[in-house]
Amino acid sequence: MDDVIVVGAGPTGLTAAIELARRGVAVRVLDGLDGPHRGSRGKGMQPRTLELLDQLGVTDRLVSLGSFGLPFRQHAADGTTRDVDRSPDLVGTPDDPTTPWRTSLIVPQWRTEQVLRERLAEEGVEVSYGARVASLGQDDGGVEVVLDDGRRLRSAWLIGADGGSSTVRRELGVGFLGETDDEIRLLLGDAEIDGLDRDHWHMWAADRPLVGAGARMVALCPLPATPLWQVQIGSTDPSRHATPALLTEIIEGLGPRIHVRRVDVTSDWRLNVRMVDDYRVGRVLLAGDAAHVHSPAGGMGMNTGIADAVNLGWKLAAVVHGADPALLDTYTAERLPVAAHVLGLSNDLLGSQFWSRTDEQVHDTRGLATTYRTTPAVGNEPVAGDRAPDAPLRDGSTLFRRRRDADWTVLAFGGAVAGPADLPGGTVQVLDADALAADGTLREAYGAVDGTVVVIRPDGYLWSRSAAVSA
Ligand SMILES: Cc1cc2nc3c(=O)[nH]c(=O)nc-3n(C[C@H](O)[C@H](O)[C@H](O)COP(=O)(O)OP(=O)(O)OC[C@H]3O[C@@H](n4cnc5c(N)ncnc54)[C@H](O)[C@@H]3O)c2cc1C
């Protein structure tokens, strides 16, 4: 019997599996597809997600395969263009050492999944494709799934990361509250296109039908390190479905020099804004789109799913290794409000032009302000539940890189003797913060004085910050 079965090998399931496997948990990943998904879907990876994935050791690889700060080129109906770059004014202090990534990375979702699968394979786990879960049941000792080919598999715990139409959620009988709007639809595809420069994200928008019946908005985004573009066409006509012929007709209608060489994949999307009211039923936990869906506006779905997985991974690993299962209750408590916020934000952004969003909205999508704090902050110093900032270290490394050496990192300032009490499992490193720091950034970022002890959780949030601890 496995410790954990993860249902779904999208970004959420893969991240959860890595987080478990690298902590010595026996994990099996099932996916109903015959092989990896090919669509580019979630191509915007937000700065906080880059930080979270950095702890898994995959961010450098993703950055090498993606590109930052692609400006928008807005094409008007009269053929004129206007360039808008939202990146420079939103990156914050350019050399802020507490935040290594401040703008989102464009990288196609299939590539992100490929990089995550490779990382998972390093832990000795391969995805089992062609394994569609048809039903599941649970008792005090574990969970049993039945696959649609009749196979039965059992595990102590199960993560349902099987997307918006989750079978796991349905089998649990958990409601998916919200609404569906058939009038808000996207025709999607990945295509090779000639006649457009690849240094911009090109957009056409109009209040009246633009090109082809019902097409009101076209967005063409070059996908780095591929010859492909992501095609998004806003449509209000439910009779139109994404086919290579229709996408070609609409795109080639945008201008005389624009030519579609090949359409790789297509899909239809319609608006669903829904979420569960609990992420856990007994030994089964929901994560990612299985727990919350919303529009792609703001590029947050995959990012939220990965953050779910990182929040859940270390907690479930600790419970598998003997921690009190009550630790898992904090998963819903911390992640459900984040999903509710993301649903509201993506609703606000839906229909707004990329370039007309407020700085506050764009900043909000980046995930850096997410907090699990339960008490109000005093001043600017981080408190328990806040994101743990980065800082340069004397050896040329950074705190983020150093944190990879253990689950928990304890920073002891000014000769404090740190005794990290009652941590719920996992490896712990205690660092003499002043001896390690390259400059004053570390003290300042954590609001530390002599005697301060900061405990950083495995997922990069503060567990505690005490003003002074004596020997
Ligand atoms: C056009 C578009 C653009 C987007 N852009 C962004 C963006 O820029 N940034 C962003 O963060 N998000 C974006 N998203 C959203 C993002 O794609 C999703 O939020 C993301 O795919 C969710 O990941 P997941 O792993 O939770 O679920 P999924 O990616 O849906 O993966 C679920 C997996 O479960 C498998 N599965 C399903 N049922 C079963 C079963 N019964 N048994 C076994 N396996 C099963 C499926 O085959 C699938 O592989 C976009 C989406 C769209 C459509």
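Counting convention: from 1, in listed order, for ligands and their atoms alike. Note that the numbering runs from 1 along the sequence shown for the chain.
- In this structure, Asp459 does not pair ionically with Lys315, as no charged nitrogen and carboxylate oxygen lie closer than 4.0 Å.
- Shortest contact from atom 52 (C) of ligand 1 to any protein heavy atom: Pro296 CG, 4.0 Å.
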Next item on the list: Could you go through the salt bridge (charged side-chain N to carboxylate O under 4.0 Å, His left out) check for Arg366 and Glu51 one step at a time?
Entry: CA-CA 11 Å; Arg366 301 187 171 189; Glu51 294 183 358; over 6 Å; no
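- Note on ring orientation: taking the six-membered ring where Trp is involved, the planes of Tyr279 and His292 are tilted (angle from 30° to 60°).
- A donor-acceptor pair is defined here as one N or O able to donate and one able to accept, closer than 3.5 Å; such a pair exists between the side chain of Tyr331 and the backbone of Leu286.
- Contact atoms of ligand 1 toward Gly8: 33 (C), 34 (O), 35 (C) (distance under 4.0 Å to a heavy atom of the residue).
- Residue Gly44 has at least one nitrogen or oxygen atom sitting less than 3.5 Å from a nitrogen or oxygen atom of ligand 1, judged on distance alone.
- Here ring pair (Phe, Tyr, Trp, His ring centres under 6.0 Å) pairs that include residues 231-275, with residues two or more places apart or in two chains, number zero.
- Geometrically, Arg283 engages Trp157 in a cation-pi contact, judged by NZ or CZ lying under 6.0 Å from the ring centre and within 45° of the ring axis.
- Between the side chains of Glu334 and Asn311, at least one donor N or O lies within less than 3.5 Å of an accepting N or O.
- A parallel orientation is assigned to the rings of Trp204 and His75, their planes being inclined by less than 30° (bins at 30° and 60°).
- Atom 31 (O) of ligand 1 has its closest protein heavy atom at Gly10 CA, 3.6 Å.
- Cation-pi geometry between Arg48 and Tyr461 is satisfied (NZ or CZ under 6.0 Å from the ring centre, within 45° of the ring normal).
- The closest protein non-hydrogen atom to atom 18 (C) of ligand 1 is Asp289 OD2, 3.4 Å.
- Taking a cut-off of under 4.0 Å to the non-hydrogen atoms of Gly301, the atoms of ligand 1 that pass are 10 (C), 11 (O), 12 (N), 19 (O).
- Between the choices Ser104, Ser128, Gly130, Gly299, the shortest heavy-atom distance to atom 9 (N) of ligand 1 belongs to Gly299.
- In the candidate list Gln46, Met302, Gln109, Gln109 is nearest to atom 17 (O) of ligand 1, counting heavy atoms.
- In this structure, of Thr365, Asp31, Asp34, Thr167, the residue bringing a heavy atom nearest to atom 47 (O) of ligand 1 is Asp31.
- Looking at Glu123 and Arg22, no side-chain N of the basic residue comes within less than 4.0 Å of a carboxylate O on the acidic one, giving no salt bridge.
- With hydrogens left out, the protein atom closest to atom 39 (C) of ligand 1 is Arg132 NH1, 3.5 Å, a heavy atom.
- Ligand-side atoms of ligand 1 in range of Lys43: 7 (C), 8 (O), range being under 4.0 angstrom from any heavy atom.
- The N/O atoms of Glu113, backbone and side chain alike, include none that comes under 3.5 Å of an N/O atom in ligand 1.
- Other residues, nucleotides and ligands contribute at most 12 non-hydrogen atoms within 6.0 Å of the CG atom of Asp34.
- Taking the centre and axis of the six-membered ring of Trp229, the NZ or CZ atom of Arg198 falls inside the cone set by 45° and 6.0 Å.
- For residues 53-65, the set of pairs meeting the side chain to side chain donor-acceptor pair (under 3.5 Å) definition, not counting sequence neighbours, comprises Asp54-Arg404.
- Of the candidates Ile306, Val7, Thr12, Thr12 brings a heavy atom nearest to atom 24 (P) of ligand 1.
- For the pair Pro71 and Trp201, the minimum side-chain heavy-atom distance is 4.5 Å or more.
- Protein heavy atom nearest atom 44 (N) of ligand 1, with residue, atom name and distance: Gly32 N, 3.0 Å.
- Residue Arg41 has at least one nitrogen or oxygen atom sitting less than 3.5 Å from a nitrogen or oxygen atom of ligand 1, judged on distance alone.
- By the criterion of a heavy-atom distance under 4.0 Å, neither the backbone nor the side chain of Ala290 is placed next to ligand 1.
- The Gly288 neighbourhood of ligand 1 comprises atoms 26 (O), with distances under 4.0 Å to a heavy atom of that residue.
- With atom 32 (C) of ligand 1 as the reference point, the heavy atom nearest to it among Gly298, Pro11, Ala161 is part of Ala161.
- Asp162 CB, 3.8 Å is the protein heavy atom nearest to atom 36 (N) of ligand 1.
- The heavy atom nearest to atom 1 (C) of ligand 1, considering only Val145, Leu188, Leu147, is found in Leu188.
- Proximity of Met300 to ligand 1, defined as any heavy-atom pair under 4.0 Å, is confined to the backbone N, CA, C and O atoms.
- For ligand 1, the atoms closer than 4.0 angstrom to any heavy atom of Leu33 are 47 (O).
- Atom 42 (N) of ligand 1 has Val133 N, 2.9 Å as its closest protein atom, hydrogens excluded (heavy atom only).
- Closest to atom 6 (C) of ligand 1 among all protein heavy atoms lies Gly42 CA, 3.1 Å.
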